[in-house]
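Working notes for the structure below.
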Amino acid sequence: MATPPARDPGFGLCPCGGLYDTRRVEVRMTVTGRTVVIPELPQGACPTCGSRVYKLRTLELLEVMMRGDGTDHDQETRATG
């Protein structure tokens, strides 16, 4: 029998009343013309309504990455974190 996803109280309750499960997802985004891949990004997922959320610190780091730093990099960069 499969183990249910971990329930992380750190993501809290969804407005629908469900408790967010913790998942690790891969996010790809284009930043200043290059593809950035972020593996294992923590995400809260509500099993009741399907809502997805991220922690504030994660969103702040994504925002910094999306601004870009103006330097020339390879076309695809794999971020770690």
task = Start with the C-alpha gap between Val36 and Arg28, add the side-chain angles, then the distance that decides, and say whether side-chain contact (heavy atoms from CB on, under 4.5 Å) holds.
result = CA-CA 6 Å; Val36 177; Arg28 290 176 180 263; over 6 Å; no
request  = Determine, step by step, whether Met29 and Leu62 satisfy the side-chain contact (heavy atoms from CB on, under 4.5 Å) criterion, reporting the C-alpha distance in whole Å, the side-chain angles of both residues, the deciding distance to 0.1 Å, and the verdict.
outcome  = CA-CA 9 Å; Met29 59 185 175; Leu62 287 173; 3.7 Å; yes
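Here the CD atom belonging to Glu63 is positioned 9.5 Å from the CG atom belonging to Leu56, to the nearest 0.5 angstrom. The CE atom of Met65 sits 4.0 Å away from the CD1 atom of Ile38 when rounded to the nearest 0.5 Å.
Of the possible polar contacts, one joining the Lys55 side chain to the Gly10 backbone as a donor-acceptor pair under 3.5 Å is found.
Connection of Leu61 to Leu41 is not established within any shared hydrophobic cluster, with ILVMFWY side chains joined at heavy-atom distances below 4.5 Å, either directly or through further cluster members.
Using a 4.5 Å cut-off on side-chain heavy atoms (C-beta onward), Thr32 and Arg34 make contact. A heavy-atom distance below 4.5 Å is found between the side chains of Phe11 and Thr22.
Closest heavy-atom contact between Pro15 and Tyr20: CD-OH, 3.7 Å.
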Identify every side-chain donor-acceptor pair in residues 45-54 under 3.5 Å, counting partners at least two apart or on other chains, and give the distances.
unit_1 : atom_1 : unit_2 : atom_2 : d
Arg52  : NH1    : Gly50  : O      : 2.9
Tyr54  : OH     : Gln43  : NE2    : 2.9

